[in-house]
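Remarks on the structure that follows.
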Amino acid sequence: MPTNTEVAELFQGIADILDVQGEKFKPEAYRRAARSIESLTEELSAVAARDELRTIPGVGEAIEEKIKEFLATGKLDYYERLRKEVPPGILEMLAIPGLGPKTARRFWQELKVETPAQLADAIQQGRLNGVAGFGPKKIEQIRAAVVAAQGMPPATRMPIEQAFPIALRLTHGLREVRGVEQCEIAGSFRRRRETVGDLDILVTATDRETVFDTFSKLPEVREVRLRGGTKETVILTNGLQVDLRIVDPGEFGAALLYFTGSKDHNVMLRSLARDRGLKINEYGIFRGDDRVGGRTEEEMYRALSLAWIPPELRENHGEIEAAAKGPLPTLVEATNLTGDLHCHLARTVPGGDITAREFTAGVDRLAATARARKFGYAGVVVASVSESGRLDSVADDVHEHLGRADSPPLRLGRVVEVDGAGIPPEFAAVKPAYVILRPSAAHPDPPPPAVSKKLGAAVVAHVGGDAASRKWVAWAKANGAAIEVGPGPSRLDSTAARLARESGVPLVVPTGIDRPAEDPTGAVALGFARRAGAVPTDVRNAAPAAEVSRGWPKRKA
DNA sequence: GCCGTTTTCGGCCCGACTGTTTTCAGTCG
């Protein structure tokens with residue numbers, strides 16, 4: 001059974017071919033359907049089984065039929081036929097920056113150039129010289145792009161946690177520039193998508209030239225691709241593209257809205273505006289020639305009689321309809337978190353016993369960070385019985401030290417991390433506050449009922465993948481467990497987190513207090529929870545500290 | 001190919017940037 005991603009890629013492929021064939025609106029129709037399908041929180045086969053494919057935005061009669069055929073047979077006759085009409089190399093040429101479907105088609109039909117390699121040869125031989133529309137600059141631009149693309153992996157989206165530290169460094173550098181007032185990263189980064197294709201930075205500033213100059217000289221910048229009056233595009237040393245735009249303060253909200261997207265959210269807003277005799281663009285919202293908003297996003301939404309919509313929800317998944325009815329539920333925020341349920345103490349030997357010095361330093365650091373965030377508890381993973389004893393021996397000190405009048409007490413809970421096999425006997429003596437269940441290669445699946453019963457309160461962590469998520473969410477629901485959300489290859493992403501939330505399974509949001517300050521895990525995990533629509537009551541570690549740490553085992557005297 | 005509190009037909013976001021143009025086409029986001 002094809003996955004949603006495979007179906008989306010199929011339609012993207014169709015769109016590319018139709019583009020080269022010069023079709024005007026069909027490609028966008030297929031792309032829209034592809035985007036909708038890619039962002040579904042459910043498997044397409046389940047939607048098809050309920051006969052609700054047509055409820056997916058962008059899916060009409062023809063595409064519904066194509067989905068059904070592809071799901072049933074794993075192939076699509078229409079696509080197979082299309083593929084024969086265009087040489088396969090043409091589609092590779094589309095991946096070259098600055099080279100679009102029109103140009104690729106001309107190369108193919110007028111010059112019999114069908115692959116990037118043939119294109120490089122043609123340029124080398126001067127076959128493009130004198131061709132209408134191709135001056136020396138254009139030819140050089142294409143040549144450089146073809147050379148740059150050769151041997152390079154196709155452009156891929158970068159995991160957001162990888163882009164996060166870079167993004168923070170760039171905005172930090174920009175905010176230092178004199179005359180820079182506002183500075184925000186828009187795009188899918190602001191929506192906290194799992195991956196980002198590029199970074200869109202918006203700035204208001206008095207002196208544009210200085211901003212561009214400073215930005216292009218940041219150490220992370222490898223090359224400046226283009227620079228106009230309002231926009232600069234650069235490529236970072238890690239290959240990520242960054243667009244920097246300087247906008248007027250009165251247009252900042254409009255630009256932020258526009259460049260945050262998503263595309264489908266924007267399209268919906270524009271059609272809503274049109275219905276009301278308004279016009280939206282990246283400079284503001286207008287009635288005729290009168291600007292009725294643009295300084296802030298709130299102004300923009302208000303002009304459409306909509307409540308402000310958090311960026312994480314802007315996917316045209318019903319959030320606009322909800323915002324028309326009144327304010328949206330307030331999503332969980334960092335300040336709602338009351339503690340962390342999954343802390344590790346740093347150790348020099350992975351998996352090994354922690355040294356006394358590491359232990360003391362680790363607990364001190366953890367306690368200080370937790371206290372700075374006004375946390376009431378931290379669940380600390382102990383790797384052995386002796387570690388558990390150590391934690392107990394310092395926990396009283398920590399408690400006393402931090403439990404002063406000006407801050408709440410910090411409770412440290414013993415936590416045991418196990419896989420689906422259950423708790424090894426030596427850990428049973430630890431009497432953990434709760435158990436963190438972590439699927440392993442040997443035990444990828446939820447434990448059987450007999451083991452589940454013995455585990456007691458549990459947090460399921462490091463669950464990834466569509467099928468695994470479903471199994472574990474079901475298990476968590478049946479066993480009263482919570483499930484951790486976060487970035488990384490085997491962590492619950494926002495789609496799976498939504499599934500958990502909709503099933504009534506509490507989420508656990510890592511806060512990053514046990515990690516270096518620049519580690520983005522906490523910020524990204526919070527974003528994923530918000531994308532899933534989580535409000536504070538959906539998050540276990542957003543409940544009052546006393547409630548969360550109730551029943552944690554008493555420490556030895 | 002999709003879609004409809006202006007429509008079952010006739011629209012479909014739109015502006016910046018670049019290069020090649022003498023008023024525009026292609027690409028991108």
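Predicted model, so just to flag it, every value in this text is computed and none were measured. Residue numbers start from 1 in every chain, and the chains themselves are labelled A, B, ... in the order their sequence lines are given, proteins ahead of strands. Side chains are part of it too, since the values below use all heavy atoms of this structure and drop only hydrogens, waters and symmetry mates.
- Among the protein residues, A:K26 comes within range of the nucleic acid bases, having at least one heavy atom under 4.0 Å from a base atom.
- The shortest side-chain heavy-atom distance between A:R143 and A:Q124 does not fall under the 4.5 Å cut-off.
- Nucleic acid contact for A:L99: sugar-phosphate only, since backbone atoms but no base atoms lie under 4.0 Å from a heavy atom of the residue.
- Across the P atoms, B:dC17 and B:dC12 are found 24 Å apart, a figure rounded to whole Å.
- Among the protein residues, A:F259 comes within range of no part of the nucleic acid, since none of its heavy atoms lies under 4.0 Å from any strand.
- Near DNA chain B, defined here as any heavy-atom distance below 4.0 Å, there are no residues from residues 4-14 of chain A.
- When side chains are defined from C-beta on, A:K68 counts as touching A:D51, because their heavy atoms get closer than 4.5 Å.
- Note that CD1 of A:I483 is 6.5 Å distant from OG of A:S469, once rounded to the nearest 0.5 Å.
- Taking A:P516 as the reference, A:E518, A:D519 meet the side-chain contact (heavy atoms from CB on, under 4.5 Å) condition, with sequence neighbours excluded.
- Residue contacts for A:K24: at a heavy-atom cut-off of 4.0 Å it reaches no nucleic acid atom on any strand shown.
- Looking at which nucleotide of DNA chain B each of A:P97 and A:G229 is closest to, the 5′-most match is held by A:G229.
- Side chains of A:T233 and A:Q241: a donor-acceptor N/O pair is absent below 3.5 angstrom, by distance only.
- Near DNA chain B, defined here as any heavy-atom distance below 4.0 Å, there are no residues from residues 302-313 of chain A.
- Looking at heavy-atom distances under 4.0 Å, A:P27 makes no contact with the nucleic acid at all.
- Taking atom P in both B:dA16 and B:dC3, the straight-line distance is 30 Å, to the nearest Å.
- The pair A:R314-A:E319 does not meet the salt-bridge criterion, since no charged nitrogen lies less than 4.0 angstrom from a carboxylate oxygen.
- Nucleic acid contact for A:S271: none, since no nucleic acid atom lies under 4.0 Å from a heavy atom of the residue.
- Between A:R227 and A:E209 there is a salt bridge, since at least one side-chain N of the basic residue sits less than 4.0 Å from a carboxylate O of the acidic one.
- With 3.5 Å as the limit, one finds no donor-acceptor pair spanning the side chains of A:R245 and A:T230.
- Separation of the C1' atoms belonging to B:dT20 and B:dC14 is 22 Å when rounded to the nearest angstrom.
- A donor and an acceptor atom, one from each side chain of A:S188 and A:R193, are nowhere located under 3.5 Å apart.
- Within the nucleic acid shown, A:G261 has no heavy atom closer than 4.0 Å to any nucleic acid atom.
- Of the possible donor and acceptor atoms, none in the side chain of A:E52 sits under 3.5 Å from a partner among the backbone N and O of A:A48.
- The outermost nucleotides of DNA chain B lying under 4.0 Å from heavy atoms of chain A, listed 5' to 3', are B:dG1 to B:dG29.
- Judged by closest nucleotide on DNA chain B, A:G228 is the one of A:L94 and A:G228 placed further toward the 5' end.
- Residues A:L244 and A:F212 form a side-chain contact, since some pair of their non-hydrogen atoms from C-beta on lies under 4.5 Å apart.
- Taking a pair to require two hydrogen-bonding distances under 3.5 Å in either a Watson-Crick or a G-U wobble arrangement, B:dT8 remains unpaired.
- Going from the C1' atom of B:dG10 to that of B:dT6 covers 13 Å, rounded to whole Å.
- Only A:K138, A:Q141, listed by number, bring a heavy atom of residues 138-145 of chain A to less than 4.0 angstrom from any atom of DNA chain B.
- Ionic pairing of A:D207 and A:R178 is not present here: no N-O contact between side-chain nitrogen and carboxylate oxygen is shorter than 4.0 angstrom.
- The pair A:E28-A:R35 meets the salt-bridge criterion, with a side-chain N (NZ, NE, NH1 or NH2) lying under 4.0 Å from an Asp/Glu carboxylate O.
- Inter-residue side-chain proximity for A:L236 and A:L170 is flagged as met; some heavy-atom pair is nearer than 4.5 Å.
- A salt bridge is defined here as a Lys NZ or Arg NE, NH1 or NH2 lying under 4.0 Å from an Asp or Glu carboxylate O, and A:E110 with A:R106 meets this definition.
- Residues A:Y258 and A:I280 have side chains not in contact (no heavy-atom distance under 4.5 Å, counting atoms from C-beta outward).
- Using a 4.0 Å cut-off on heavy atoms, the residues of residues 52-75 of chain A that approach DNA chain B are A:P57, A:G58, A:V59, A:G60, A:E61, A:A62, A:I63, A:K66, listed by number.
- Taking atom C1' in both B:dT7 and B:dC2, the straight-line distance is 13 Å, to the nearest Å.
- For the C1' atom pair drawn from B:dC28 and B:dC13, the interatomic distance equals 13 Å after rounding to whole Å.
- Of the charged side-chain nitrogens involved, none lies within less than 4.0 Å of a carboxylate oxygen, so that A:E312 and A:R531 do not count as a salt-bridged pair.
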